[in-house]
Amino acid sequence: MENNYKAVGLTQKEYEKIVAVMGREPNELELNMYGVMWSEHCSYKHSRALFKHFPTSGEKVLQGPGENAGIVDIGDNLAVAMKIESHNHPSAIEPYQGAATGVGGIIRDIFAMGARPVALLNSLRFGDLENSDRVKFLLDGVVEGIAGYGNCMGIPTVGGEVYFNKSYNGNPLVNAMCVGIIEHDKIHRGNASGVGNSIMYVGAPTGRDGIGGASFASVELTEESEEKRSAVQVGDPFMEKLLLEACLELLQIGCVVGIQDLGAAGLASACCETATRGEGGMEVDVAKVPRRETGMLPVEVMISESQERMLLIVEKGREEEVNKVVEKWGLHSVIIGKVTDDGFLRILEGDQVVGEMPAESLDSSGAPKYYSDYEKPAYIEEVQNFTSGDIEEPKNYKEVLTKLLTSPNIASKEWIYRQYDHMVRTNTVVKPGSDAAVIRVKGTEKGIALTTDCNSRLCYLDPREGSKIAVTEAARNIICSGAKPLAITDGLNFGSPEKPDRFWQFRECVLGISEAARELDTPVISGNVSFYNETDQDAIYPTPIIGMVGVLDDVEKAMTMEFKNEGDVIVLLGHTKDEIGGSEYISRIHDLEKGRIPAINFGLEKKLHSLILEANEKNLLQSAHDLSEGGLGIGVAESCISGKLGAKININTDLRKDVYLFSESQSRFLITVKEKDLKDLKEMLQLREVPYQRIGRVEGQDLEITINEASVICEAVEELEAAWRGALQCIME
Amino acid sequence: MKFGIIVFPGSNCDIDCYHVLKEVLNQETEYVWHDTEDIEDFDCIVLPGGFSYGDYLRCGAVAQFSKVMDSIKVHAAKGKPVIGICNGFQILTEAGLLPGALVRNANLKFICDIAALKIENTETPVTNCYEAGEIIHIPIAHGEGNYVVDEDTLEDMKAHGQILFTYVNNPNGSIVDIAGVCNKEKNIIGLMPHPERASEALLGNTDGLKFFQSIIHHLEEGFSNGK
Amino acid sequence: MKAKVYVTLKKSIADPQGTAIKGALHKSGYNNVEDVRIGKLIELDLGEITKEAAEEQLKVMCEKLLANTVIESYQYEII
Amino acid sequence: MKAKVYVTLKKSIADPQGTAIKGALHKSGYNNVEDVRIGKLIELDLGEITKEAAEEQLKVMCEKLLANTVIESYQYEII
Ligand SMILES: Nc1ncnc2c1ncn2[C@@H]1O[C@H](COP(=O)(O)OP(=O)(O)O)[C@@H](O)[C@H]1O
Ligand SMILES: [Mg+2]
C-alpha cells in the first residue's frame with residue numbers, strides 16, 4: 001500500500017502524516033481521497049501560507065475568501081457575489097469543453113451562495129496567434145465553449161480580456177469569472193449543520209469524468225474501469241440552467257440549511273468541506289449516488305468530477321419539499337447520507353463502511369502547508385537593462401500606429417464578444433468594448449461595473465510592480481465607467497511552485513496585489529490559484545488576473561470611453577514620462593520584451609480616482625478612458641474609433657515623439673469635457689492639485705496629432721477603425 | 001389586456017419580455033409554465049427566447065411537444081396573437097405554426113449584435129405603430145437564425161404580406177434577408193431579433209417599444225370593434 | 001432492439017458547415033474533395049420490443065422529432 | 001469515390017444531448033427507449049480517386065479534422 005502514495009501524487013512525508021492522523025494505514029479509497037484533497041488544486045498547499053498578506057475584510061465585505069464565492073455589499077440590502085476560476089489544463093486538451101465546463105463551474109459557485117448569477121467575464125491567454133494554427137484552434141474552441149455555455153444559461157458575458165504572447169504557446173489560460181446578486185439575508189453557505197439532517201444529491205448522474213492522470217492510484221483497479229475513465233468533462237448547460245432555477249427556488253422555501261457545488265474532487269471535497277464547516281462529520285452511501293455508468297468503484301464515485309451536480313443539506317423531514325421543487329424542474333434528488341458530529345467522514349457502500357477519515361484532516365485545514373523556497377530569477381536583472389535610447393525612433397508614425405492597432409493584443413475583441421450574448425437579461429448598460437462593463441440592478445437605481453485586467457508582460461519584467469499595475473488598471477477601468485471600486489477576485493496563474501524562481505514570482509505578485517488592494521481599499525474576497533502552467537521548456541509569464549467589481553449609485557451616470565461630441569475639449573490627466581519599458585510598443589514594433597516597467601504612485605492614483613468620480617457626479621465629463629497598452633496614441637485612437645469622431649491633438653514635450661505617444665506611464669486618464677464645463681473642471685483640477693494638460697479637441701473625421709508643431713499622424717478615423725476592427729477576424733478567418 | 005409568457009425549461013428571455021410588458025408598459029402579464037393547459041384567459045401569448053430543452057437536436061425541436069403547445073394552437077385558431085421571439089420563432093416553425101425553418105448562421109458562429117431592420121408590412125399586430133419602410137435597430141443573439149423556406153412557399157408568403165422584417169445587412173444568411181414572418185392570418189408572428197432588448201433608453205435604444213405597443217394597439221382595436 | 005437513424009439536410013438546403021469543412025480539407029491539401037455534407041447519426045436502444053414495433057416507432061419518432069422534414073430527410077436501420 | 005464517416009462520442013463521454021432526447025421520447029410515450037446517443041454523419045464526395053487513396057485520405061482526415069479524437073471515435077465506409 002505505501003508505495004501507492006506516489007501514484008496519487010503524495011510524498012512519503014505526506015503519507016506518513018496520513019497514517020499518523022488515521023492511526024492506521026489508509027485503504028485504497030481513503031488514500032485516493034487524501035490524494036485528491038491534498039492536491040495543489042484542492043488544498044492550496046503551496047500558496048495558502050501567503051494569503052495572509054491579502055487584505056480580505058472591510059466595512060463592505062460580507063463574505064471573504066473561504067466560501068464558494070466572496071460577497072460585497074452594494075447598499076439597499078443588496079450584495080454582489082463574485083469569483084474567478086481557471087480551467088487552463090482542461091482547455092488545453094479540449095478547448096470547447098474545457099472552457100465550457102469552466103464557465104459551468106464558476107456559475108455553480110455563485111448560485112451555491114444563493115445569489116442569482118447576472119454576469120460572466122473571461123480572461124484568456126494564448127500563444128503567438130499570428131504564427132500558429134494550434135493557437136487559432138484553441139482560441140476558436142475556447143470562445144465557442146464559453147459562448148455555448150454562457151449563452152444557453154442566459155447569463156450575459158459582458159467583458160473580459162485576451163492577450164497573446166509566446167509564453168503561453170504550450171499553456172493557454174482560461175479564467176472565467178461570474179458575478180451574482182443577492183439580498184443580505186439570503187446568503188447561504190456550504191455548511192452541513194444540524195445532526196441528522198439529510199445530505200441530498202441533485203443534478204446530473206455521476207460518471208467517470210475527470211478521473212484520471214497521475215493523481216489516481218491504478219494498482220487495484222479493474223482494467224475495464226481504467227479504460228473507461230475520461231479526463232475530459234462534457235458540459236450540459238441545459239442541466240445547469242435547471243439546476244440553477246431549482247436551487248434558487250429551493251433556497252426561497254427555507255428547508256435547505258447548506259448548499260455546495262460539486263467541483264474539483266467532486267463528492268470527496270464537497271462532503272468534507274461542508275462537514276468541517278458544519279457539525280464536523282458526515283456519512284454518505286455511495287450506493288445511493290445516481291450513476292451514468294455501470295461498475296463504478298466507490299472511489300470513482302467519490303472523486304468523479306462529473307459536471308452539473310449539487311449537494312444539499314436539508315432539514316430532516318423536509319426532503320419531500322425538496323423533491324417537489326426539483327421535480328418541477330425535471331430533475332431528481334436523492335438522499336445519500338446524513339450529518340453527524342463525530343468528526344468523521346464515513347463512506348458507506350450499502351451497509352458496509354468502505355472508508356472512514358477524520359473530516360478535518362482531509363480539507364485544507366488538515367492538509368499540509370508548505371513554505372516553498374523562493375529565489376529571484378537571474379533574468380530579472382538582465383531584462384531591466386534597457387533605455388529608450390536603445391531603440392531607433394520610427395520614421396513613419398502612421399505605420400507604427402496601424403501596426404499597433406492590428407496587434408492582437410490591442411485590436412478590437414469584437415470577433416470574440418460578438419459570439420457571447422452580452423445583452424440577455426436586459427441589464428447591460430455598458431456593453432463590451434468600453435473600459436469596464438456596467439449592468440444595472442433592476443428594482444434599484446444602482447449599477448455595477450465589472451472588469452478583468454492583467455498585463456502579464458509587466459508582471460514578468462517585475463512581478464511586484466506589475467501586479468500592482470494589474471490592480472490599479474482594473475480600478476481605473478471601473479473608475480472610467482463612473483463606478484466606485486469595491487472588491488477583487490484574483491485568478492493567480494503561475495508555473496511550478498516547487499521551483500524557487502517561479503515561486504518568487506508568485507510571492508512577489510501576492511505581495512504586490514496585497515499592497516495595491518490595501519491602497520485602493522479593494523479587499524480580495526475570493527480567488528483561485530493555478531500552478532504548473534509550464535512545459536519542459538518554459539513557464540507562462542506570471543499572470544495574476546484581477547477581477548474587480550465597482551458600484552454606481554446612479555446607473556444613469558455610467559460613462560464610456562468614446563468621444564461624444566464635436567468640439568469637446570480633450571484633457572489628459574496625470575504625467576507622461578519616459579516609460580516605454582515593457583510596453584506594447586517596444587514589443588510589437590521593436591520586438592523587445594524588456595525594460596523597467598512604469599512606476600506607480602498611489603497618492604496620485606487615488607487623487608485621480610476621486611476627482612473623476614466627483615466630476616462625473618457633477619455631470620462635467622463626456623467620456624473617460626484609461627491609458628494602458630499602447631499609451632496615449634492608442635488611447636486617443638480607441639476613443640475616436642468607438643465614437644466615430646476625429647480629434648486634433650497638439651502636444652509640446654521634451655520627450656522623444658514615440659516615447660511620448662506610446663509610453664505606458666501609469667495613473668493617466670483621457671477625458672473629454674464640453675467647452676462650457678471646462679472652467680468648472682479646471683477649478684476642480686487646480687483645487688486638488690491634479691496634473692493635467694489640455695491636449696486637443698474632438699473634431700472632424702481624422703485623427704491628427706501634432707507634436708512640437710510638427711504633424712506626426714494624420715489619418716482618417718475610418719481607416720484606423722478598419723485596421724483595428726478587422727484585425728482579429730482577419731487572422732481567424 | 002393580458003399577456004402570457006410561456007416558460008419552457010431553458011427559456012431565458014422570459015424575464016426580459018415580462019419586464020418590458022409589465023414594468024415598462026404596465027400590462028397585465030403572467031408567466032405560463034410549459035405544461036399548462038388552460039390559457040383561455042390570455043389575450044396574447046409570447047414564446048420567449050432562450051434555449052428551450054437546451055436546443056438539443058434542433059432549436060425548438062423538443063419544446064414543440066410541450067402540453068401548452070396544444071392550447072396555443074387552439075388560442076391561435078381563434079385569431080388571438082401568438083408571438084415567438086428568437087427561440088420562440090424556432091419553436092413555432094418546428095411546430096408547423098409558421099412556414100420555413102431556422103438553420104445555423106452562415107458563418108457558423110453565434111452572433112450577438114445590433115441589427116438594422118426594415119419594416120416590410122405595417123398591417124400586422126406587431127408592426128402597426130411603425131412606418132412602412134422604417135429602419136429600426138434591434139439586438140440579435142442567435143446561433144441558428146438563418147431562415148430557409150422553399151421557393152413556392154416564399155412566393156406565397158410574399159403574396160400574402162407574410163414577411164414583416166428584413167435585415168438591412170444580412171448577418172446570418174437568411175433567404176431574402178428575412179428576420180421575421182407571420183402566418184397568412186397574421187396572428188402568429190415569429191422573429192429572430194429581440195425587441196424586448198431595445199425598449200428602454202437606459203439600454204441605449206427604444207426602437208423595440210413600438211413592437212409591443214403595436215400589439216397593445218391591435219388588441220385594443222380588436223376589443224373596441226367588439227371582436 | 002437497437003437502431004440507427006441517419007438525418008441529412010435535403011439537397012436544396014445549403015450546408016454551411018459542410019462547405020466550411022470542405023474548405024478546411026482543401027486547405028489541408030485534399031483538393032480532390034468535391035462535396036461534404038454534414039448530417040446526424042442517432043443511435044437508439046429501444047429496449048425489448050419486436051422488430052415491427054421498432055419499425056413503427058422509428059417512423060413516428062423521425063417524422064415528429066428526430067428530423068425536421070421541412071429541411072431534412074431521414075433513414076433508419078434496425079440492428 | 002464517395003464515403004460516409006460516422007463520428008460518435010466515446011462511450012465514457014457524457015452525451016447531454018442524447019440524454020435530453022431520451023427524455024423527450026419518454027415524455028412522448030416511448031418509455032421503452034433505454035438510450036440515445038447523438039453523433040455525426042459526414043458524407044464526402046472524394047472525386048476521382050482510387051479506393052486505396054480514399055482509404056488513406058479518410059483515415060488522416062478523420063484523425064485530424066473530422067473527429068475530435070479526444071472525445072470522439074470514428075468509422076468510415078467507402079461507397
Ligand atoms: N475575452 C473577452 N470576452 C469578452 N469581452 C472581452 C474579451 N476580451 C476583451 N473584451 C472586451 O473588449 C474591450 C477591450 O478590452 P481591453 O483592451 O482588455 O480593455 P482594457 O485595456 O480597457 O482593459 C473591453 O470592453 C473588454 O471587456
Ligand atoms: Mg481600459
Side-chain angles (χ1 to χ4, degrees), chain C residues 1-11 15 17-67 72-77 79, chain D residues 1-11 15 17-51 53-68 72-77 79:
Chain C
M1 196 63 73
K2 296 195 177 183
K4 288 188 184 189
V5 175
Y6 307 97
V7 179
T8 48
L9 277 175
K10 285 186 179 163
K11 282 261 159 50
D15 176 12
Q17 209 185 348
T19 312
I21 291 185
K22 182 172 124 187
L25 289 172
H26 282 186
K27 249 180 78 182
S28 308
Y30 300 105
N31 289 311
N32 55 303
V33 176
E34 289 181 4
D35 195 32
V36 182
R37 309 264 307 164
I38 313 281
K40 281 182 206 133
L41 159 63
I42 305 166
E43 298 171 303
L44 297 138
D45 181 344
L46 297 173
E48 309 268 300
I49 56 169
T50 63
K51 198 169 165 171
E52 291 68 44
E55 193 86 50
E56 209 167 297
Q57 286 197 352
L58 283 166
K59 173 121 181 89
V60 188
M61 283 179 191
C62 285
E63 286 284 335
K64 282 182 80 179
L65 178 67
L66 301 180
E72 294 169 329
S73 324
Y74 62 86
Q75 266 187 301
Y76 52 82
E77 184 182 18
I79 40 179
Chain D
M1 197 61 75
K2 297 196 176 184
K4 288 187 183 187
V5 176
Y6 306 96
V7 179
T8 47
L9 279 173
K10 287 185 182 165
K11 280 252 164 56
D15 179 7
Q17 219 185 157
T19 311
I21 301 311
K22 182 173 113 183
L25 290 172
H26 282 189
K27 259 180 70 179
S28 306
Y30 300 105
N31 288 310
N32 56 305
V33 176
E34 289 183 3
D35 196 31
V36 182
R37 309 246 331 150
I38 313 263
K40 274 185 224 142
L41 159 64
I42 306 167
E43 298 172 304
L44 296 137
D45 181 344
L46 298 172
E48 308 270 298
I49 58 170
T50 63
K51 194 165 168 178
E55 191 86 52
E56 210 167 296
Q57 285 197 352
L58 282 166
K59 172 123 183 90
V60 189
M61 283 179 189
C62 285
E63 285 285 334
K64 284 186 128 171
L65 192 71
L66 302 181
N68 174 356
E72 293 170 331
S73 325
Y74 61 87
Q75 268 187 298
Y76 51 82
E77 183 181 21
I79 37 178

J.: I need the minimum non-hydrogen distance between C:K10 and C:E72, along with the two atoms involved.
T.: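 Of all heavy-atom pairs spanning C:K10 and C:E72, the closest is CE-O, 3.8 Å.
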J.: Name the member of D:I42, D:L41, D:D35, D:I21 that forms the most heavy-atom pairs with chain C at distances under 4.5 Å.
T.: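 Most heavy-atom pairs within the cutoff with chain C belong to D:L41.
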J.: What's the shortest heavy-atom distance between D:V36 and D:D15, and which atoms?
T.: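 Closest pair (atom of D:V36, atom of D:D15, distance): O-OD2, 3.9 Å.
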J.: Do you know which of C:G39, C:G18, C:A3 has the most heavy-atom pairs under 4.5 Å to chain D?
T.: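 Ranked by heavy-atom pairs under 4.5 Å with chain D, first place is C:G39.
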J.: From D:I38 CD1 over to C:K40 NZ, what is the distance, rounded to the nearest 0.5 angstrom?
T.: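 NZ of C:K40 is found 7.5 Å from CD1 of D:I38.
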J.: To the nearest 0.5 Å, what is the distance between CD (D:E34) and CG (D:N31)?
T.: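 Going from CD on D:E34 over to CG on D:N31, the span is 11.0 Å.
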J.: Are any of the side-chain heavy atoms of D:T8 and D:R37 separated by less than 4.5 Å?
T.: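 In short, these two side chains do not touch, never coming nearer than 4.5 Å.
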J.: Among residues 22-29 of chain C, which ones touch chain D with a heavy-atom distance under 4.5 Å?
T.: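 At a heavy-atom separation under 4.5 Å, chain D is reached by C:A24, C:L25.
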J.: So for C:I49, is it side chain, backbone, both, or neither that comes closer than 4.5 Å to the heavy atoms of chain D?
T.: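 Only the side chain of C:I49 comes within 4.5 Å of chain D.
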J.: Using a 3.5 Å cut-off and no angle test, enumerate the donor-acceptor pairs between side-chain atoms of residues 56-67 of chain C and protein atoms at least two apart in sequence or in another chain.
T.:
unit_1	atom_1	unit_2	atom_2	d
C:Q57	OE1	D:N32	ND2	3.0
C:Q57	NE2	D:N32	OD1	3.2
C:K59	NZ	C:Y74	OH	3.4
C:E63	OE2	C:Y74	OH	2.6

J.: To the nearest 0.5 angstrom, please state how far the CE atom of D:M1 sits from the CG atom of D:L46.
T.: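 These two atoms lie 8.0 Å from each other.
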